[in-house]
Amino acid sequence: MKAFRGKVAVEGMVDGTALVSRFPLSFLGGVNPATGQIIDHESDVFGEFVTGKILIYPTGKGSTVGSYVIYGMKKVGTAPAAMVLVKPDPVTTIGCVISAIPMLHSVDAAVLSIKQGSRVRVSKDVLEILSNEARSLPPGLFALLAPLCLCCS
Amino acid sequence: MIDPGTPEKALSVLGKTMGAEGMVQVKNAHVSGVSYMNLGKHGLEFLRDLAKSGARVSVPTSSNPCGVDVKSWKEQGITQEFLEHQLEVNKLLESMGVFPSYSCTFPYEGPWASGLSVGDHVAWAESSAVVYGNSVMGIRTNREGGPSALFAAIAGKTPAYGMHLDRNRRPALYVKIEEPVPRGPLEWGLLGKFVAERGQARVVYLDGLGRVATIGELKALSASLATYGPTDMFLAPHLTPEAGTPPTGVEELTVYGEELEGQARQAGDDAGTGNAPKAMFLGCPQYGVEELVYLARLLSPTKHVKGRLYVYASAHALSSPDGSEAAHRLRQIGVKIFQGTCPVFSPAPTFSDGVMTDSVKSWFYLPGSKGVKPKLEPTVVAFMLSMGELDRS
């Protein structure tokens, strides 16, 4: 069983499905807070939903209003279950504290090669990979749905 | 629900994750994310919850522009719905003790600025003010975000990292500006854009800017450095208190004054030809007293302005004797003056049929906020020319 050690910003213990973004994320403008869907066209996980996932990404970017968006998502139930970052940034950090979302940071960049859809667990300062599964959504189906996402975003 | 301890806790976690050396007390704070256009409904919801938790600022705290000029929102074409949301934001901030300055320049041009000295720590969330303050005033602030500045205002302190520490206030880039010295806000704004984009340095040393600069030039430079890169401070001999001697052993860059002049002139030449926009705005960052007075002197007191000329000014400038007299003269010749708001983060005017400006900062933000790419103009004179109001000579 593989594990990554990081530093705790917000402590928590949660199991979930990994959603890995290889590029920095902006919560303001990059995510639809009402649905939890990633709407940043530049993103490699465009169209995926962050809701209830263990969201793994390099670092946050963009407007500091992003912290409030994270808070709003937590209130309406569309927020990720936990966030795991390679490099911490103020927007994500404050967003996670005010929303009580477990957050790990300063995790080795190799964490970005975790397979989409793997079962992972955040527990204190450790991210554990419970099972290395393929992505839950078959690639063919994703390709079919992607244009729809474009239309409604 | 927000726990009353949340602001303090958020700052402490932020400090730990950013590697801060404890906390520093701040003399004052300046919050951003005030216009409902960027705060949005989630920000509003957070402010409601925060106010409900009993939070109040513990140091003097000012506020960035909001999305409307509260005095003339109807003629701006603001919807009732937007106005109501904006007024609720303002009311919530004021209920927590935030001073209703609604200005991006208040931290360094408003009445509190004279109470600050070199080395004082503050928590400002307006990026152009951050650069102006660190550079021209020698105060110490990081580029705070809306939430972190608000928490610093409540807790009275901010994590000591980045620009609060001596070792981070040394230049990583030396820029030689070859004569002629840039003139006017547009050229200084273009200089800031070039240096920030090319240099990608936190602190830059600018050599060759001369012994004096207008406030408008310093504001334009600060705004551009903040908009186009990670720069939080510039050092310039004669213009900034911490300049010292030119750094050695750092990356170097040369900027030719002629090129800046050329870029600015080219923009101006384009204006008189073809389909130049019939509108121009000035005041990003918001105009202060000097700029209002200069503009009032520049324009003929008897000739009504053709086209639409909008000026965004700060309330503190407009309430000063000189500022209010200049504004009165400008209004008499048809100049529209907005206060407490911002050309970029207000829903109106939309500038949908194009607009000119001398603000290099707004050139970056307007396409995103309103879908309009403004045309850069060196001065209001170019606008008057394109309106056929002045002879080309």
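The structure presented is a predicted model; accordingly, all values stated were derived computationally and were not measured. Proteins come first, then strands; the chains are lettered A, B, ... in the order of their sequence lines, and each starts at number 1.
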Segment of Thr93(A) engaging chain B (4.5 angstrom heavy-atom cut-off):
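It is the side chain, since no backbone atom gets that close.
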Could you have a look at [options] and say which one has the most heavy-atom pairs with chain A under 4.5 angstrom?
options                                : result
Leu44(B), Leu39(B), Asp49(B), Leu47(B) : Asp49(B)
Pro147(B), Pro159(B), Gly145(B)        : Pro147(B)
Thr17(B), Val13(B), Asp3(B), Leu50(B)  : Thr17(B)

Heavy-atom pair count under 4.5 Å with chain B, highest-scoring of Lys87(A), Lys75(A), Lys7(A), Met103(A)
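Among the listed options, the one with the most contacts to chain B is Lys75(A).
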Between Ser106(A), Pro90(A), Ser67(A), which shows the greatest number of heavy-atom pairs under 4.5 Å with chain B?
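Of the options given, most contacts go to Pro90(A).
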Geometric class of the Tyr36(B)/His85(B) ring pair [parallel <30°, tilted 30-60°, perpendicular >60°]
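Judged by the thresholds at 30° and 60°, the geometry between His85(B) and Tyr36(B) is parallel.
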Near Lys124(A) NZ, under 6.0 Å, is it more than 12 heavy atoms from other residues, nucleotides or ligands?
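For Lys124(A), atom NZ is not crowded (no more than 12 foreign heavy atoms under 6.0 Å).
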Under a 4.5 Å cut-off applied to non-hydrogen side-chain atoms, are Phe23(A) and Asp40(A) in contact?
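No; the side chains remain at least 4.5 Å from each other.
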Look at the side chain of Tyr68(A) and the backbone N and O of Gly33(B), then say whether any donor-acceptor pair between them is shorter than 3.5 Å.
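The answer is no, because no donor-acceptor pair under 3.5 Å joins these two groups.
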Please name the residue in the list His121(B), Arg169(B), Arg140(B) that meets the side chain to side chain donor-acceptor pair (under 3.5 Å) test with His164(B).
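Option passing the side chain to side chain donor-acceptor pair (under 3.5 Å) with His164(B): His121(B).
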